[in-house]
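Just so you know, these numbers come straight off a predicted model, no measurement behind them. One-based numbering, in listed order, for ligands and for the atoms of each.
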Amino acid sequence: MVHQPVRQQSFAPWNDPEARPLIRIEGVSKSFGTFVAVDKVDLDIYPGEFFSLLGASGCGKTTLLRMLAGFETPSAGKIFIDGVDMARIPPYERPVNMMFQSYALFPHMTVAENVAFGLKQDGLPKPVIRDKVRAALELVQMGPFAQRKPAQLSGGQRQRVALARCLAKEPKVLLLDEPLAALDKKLREQTQLELVNIQDRVGITFVMVTHDQEEAMTMSARIGVMRAGLIEQVGTPVEVYEYPATSFVADFIGTANMFGGVVTADAASHVVVRSPELERDLSIAHSGTLPVGAPVTVMVRPEKMTLSRDEPAADWNWVQGTVSDIAYLGDISIYHVALASGRRVQVSQTNLRHGSEQRLTWDDVVYAAWHPANALVLTQ
Ligand code: ATP
């Protein structure tokens with residue numbers, strides 16, 4: 001059964017100056033020889049938060065996660081968990097548990113024995129172990145599979161057992177390294193929601209590493225977008241998608257049409273940008289001020305544009321071109337529009353109707369237009 005995430009909309013401790021972070025990362029760097037894998041990262045993660053570190057391969061996200069777990073030592077900076085400096089605390093004494101991509105289940109043990117393993121090592125009494133194993137397996141809906149061996153389970157079931165094993169130990173923080181990478185797309189999407197629901201129920205802080213932006217968007221309360229060892233932006237999924245702080249984030253999260261230009265006018269409600277790539281000016285609604293002459297990038301998401309065969313009446317915010325490619329994805333179609341300048345623009349349109357009546361097609365001359373409130377000016 002697929003549950004919808006029930007995370008409270010009001011959960012935003014990062015906006016509360018009184019809130020105390022559970023994890024505080026202060027100026028943490030990690031070098032391997034001369035190579036800087038993590039570069040002076042500052043980050044606070046709050047109790048009960050589902051936080052994702054998102055970035056391309058090699059950006060340093062796993063290294064940062066491993067430093068939280070204690071498997072790597074920072075070259076500089078400090079990590080505090082629940083107010084305690086982790087510098088001298090070995091991995092097994094930290095209030096964290098890590099779920100590995102490979103799940104690392106013991107093949108010769110049953111599901112129940114796998115979940116019980118860490119609890120036995122902690123020397124807990126047998127009845128306590130039995131209760132905790134039962135509760136953890138129920139949480140991930142694997143109770144009926146308690147006596148099976150890992151080889152008798154599907155990938156998704158193994159993933160749930162690995163999760164149960166981590167949760168049974170009731171860590172303050174669960175670290176997840178690409179937890180769903182081994183699952184196929186459909187199962188991954190279903191498991192994403194299950195994982196969010198479980199996190200919501202147990203209230204444990206989750207820190208997940210992923211390179212999959214959709215996964216990070218679906219699951220996280222906040223996302224830290226990493227590039228080359230640096231955190232470029234920390235924000236809610238809505239913030240990083242709708243208000244990316246840099247061109248890199250705009251491009252990395254989703255698809256973005258970006259137009260380079262300079263500011264030619266700055267009014268109270270909007271800014272005007274001239275882009276050499278476009279025939280018409282860009283008008284962007286904004287709340288700050290920008291100096292005339294400043295070089296900027298204007299970003300418009302494909303779904304924020306409309307596509308039509310009719311020329312818009314406005315003097316700004318539209319381009320004319322020909323449809324050069326169409327990607328039909330069922331629910332939406334993505335139109336690639338080639339402008340006279342050679343520039344290409346992507347516009348996505350929801351396929352509201354069956355059939356192809358009135359549908360735009362290859363080589364049609366079209367106009368892509370957007371509202372000033374649907375574009376964003378980026379200065380970095
Ligand atoms: P991926 O998604 O591919 O796992 P990542 O963002 O998690 O990537 P990291 O594993 O953190 O990346 O690695 C960051 C960089 O540090 C990479 O360039 C990697 O080659 C390098 N690196 C990681 N561990 C070591 C090590 N033990 N020795 C030398 N270089 C390392």
Side-chain angles (χ1 to χ4, degrees), residues 23-45 49-79 81 86-87 89-92 94 96-104 155 158-159 162-163 166 173-185 187-189 191-192 195 205-220 222-235 237 240-241 244-254:
I23 300 171
R24 168 152 279 181
I25 299 172
E26 269 181 18
V28 165
S29 299
K30 178 69 184 178
S31 305
F32 297 106
T34 55
F35 179 77
V36 182
V38 173
D39 196 3
K40 295 187 218 73
V41 165
D42 291 309
L43 181 63
D44 284 345
I45 298 172
E49 185 170 3
F50 197 130
F51 191 94
S52 291
L53 290 164
L54 172 69
S57 181
C59 70
K61 50 197 189 303
T62 301
T63 304
L64 190 53
L65 198 76
R66 289 172 60 81
M67 286 193 279
L68 288 176
F71 300 140
E72 299 281 1
T73 312
S75 310
K78 283 188 179 300
I79 293 172
I81 300 181
M86 290 290 119
I89 315 276
Y92 55 88
R94 296 188 180 203
V96 306
N97 212 339
M98 184 143 166
M99 191 169 118
F100 295 95
Q101 207 181 87
S102 58
Y103 311 149
R158 275 199 287 272
Q159 191 269 350
L163 181 65
C166 291
V173 181
L174 183 60
L175 306 173
L176 305 111
D177 187 3
E178 304 267 4
L180 310 177
L183 309 183
D184 66 49
K185 189 173 177 338
L187 187 57
R188 202 163 65 222
E189 285 170 1
T191 314
Q192 285 168 0
L195 206 52
T205 305
F206 278 29
V207 183
M208 178 176 84
V209 156
T210 180
H211 64 270
D212 181 333
Q213 48 113 353
E214 266 182 45
E215 189 157 292
M217 302 274 290
T218 307
M219 300 174 75
S220 322
R222 283 188 309 160
I223 299 170
V225 184
M226 287 191 76
R227 172 166 72 150
L230 299 165
I231 295 201
E232 287 251 333
Q233 183 173 7
V234 175
V240 294
Y241 186 82
T246 65
S247 302
F248 172 81
V249 176
D251 204 32
F252 189 75
I253 310 265

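- When Thr62, Val209, Asp177, Leu65 are ranked by how near their heavy atoms come to atom 4 (O) of ligand 1, first place goes to Thr62.
- Taking every non-hydrogen atom of Ala56 and a distance limit under 4.0 Å, the qualifying atoms of ligand 1 come out as 6 (O).
- Between Ile231 and the options Val225, Leu54, Leu53, a side-chain contact (heavy atoms from CB on, under 4.5 Å) holds for only Leu53.
- For His211, the closest heavy-atom approach to ligand 1 does not fall below 4.0 Å.
- When only non-hydrogen protein atoms are considered, atom 21 (C) of ligand 1 lies nearest to Phe35 CE2, 3.9 Å.
- At least one side-chain heavy atom of Ile25 sits less than 4.5 Å from a side-chain heavy atom of Leu68.
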Check the pair Val207, Leu64 against side-chain contact (heavy atoms from CB on, under 4.5 Å), reporting the backbone distance first and the verdict last.
CA-CA 11 Å; Val207 183; Leu64 190 53; over 6 Å; no
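- What sits closest to atom 27 (N) of ligand 1 on the protein, heavy atoms only, is Phe32 CE2, 3.4 Å.
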Verify side-chain contact (heavy atoms from CB on, under 4.5 Å) between Arg188 and Asp212, making sure each step is shown before the conclusion.
CA-CA 11 Å; Arg188 202 163 65 222; Asp212 181 333; 3.8 Å; yes
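- To the nearest 0.5 Å, atoms OG (Ser52) and CE (Met219) are separated by 7.0 Å.
- Looking from atom 13 (O) of ligand 1 to the surrounding protein, the closest heavy atom is Thr63 OG1, 3.6 Å.
- Counting only heavy atoms of the protein, atom 2 (O) of ligand 1 lies nearest to Lys61 NZ, 2.6 Å.
- Side-chain contact between Leu65 and Met98 is present, with heavy atoms from C-beta onward closer than 4.5 Å.
- Ranking protein heavy atoms by distance to atom 8 (O) of ligand 1, first place goes to Gly58 N, 2.7 Å.
- Each of the atoms 5 (P), 6 (O), 12 (O) of ligand 1 lies under 4.0 Å from some heavy atom of Cys59.
- Within the 4.5 Å cutoff, the side chain of Phe51 has heavy atoms near those of the Val234 side chain.
- When only non-hydrogen protein atoms are considered, atom 3 (O) of ligand 1 lies nearest to Ser57 OG, 2.6 Å.
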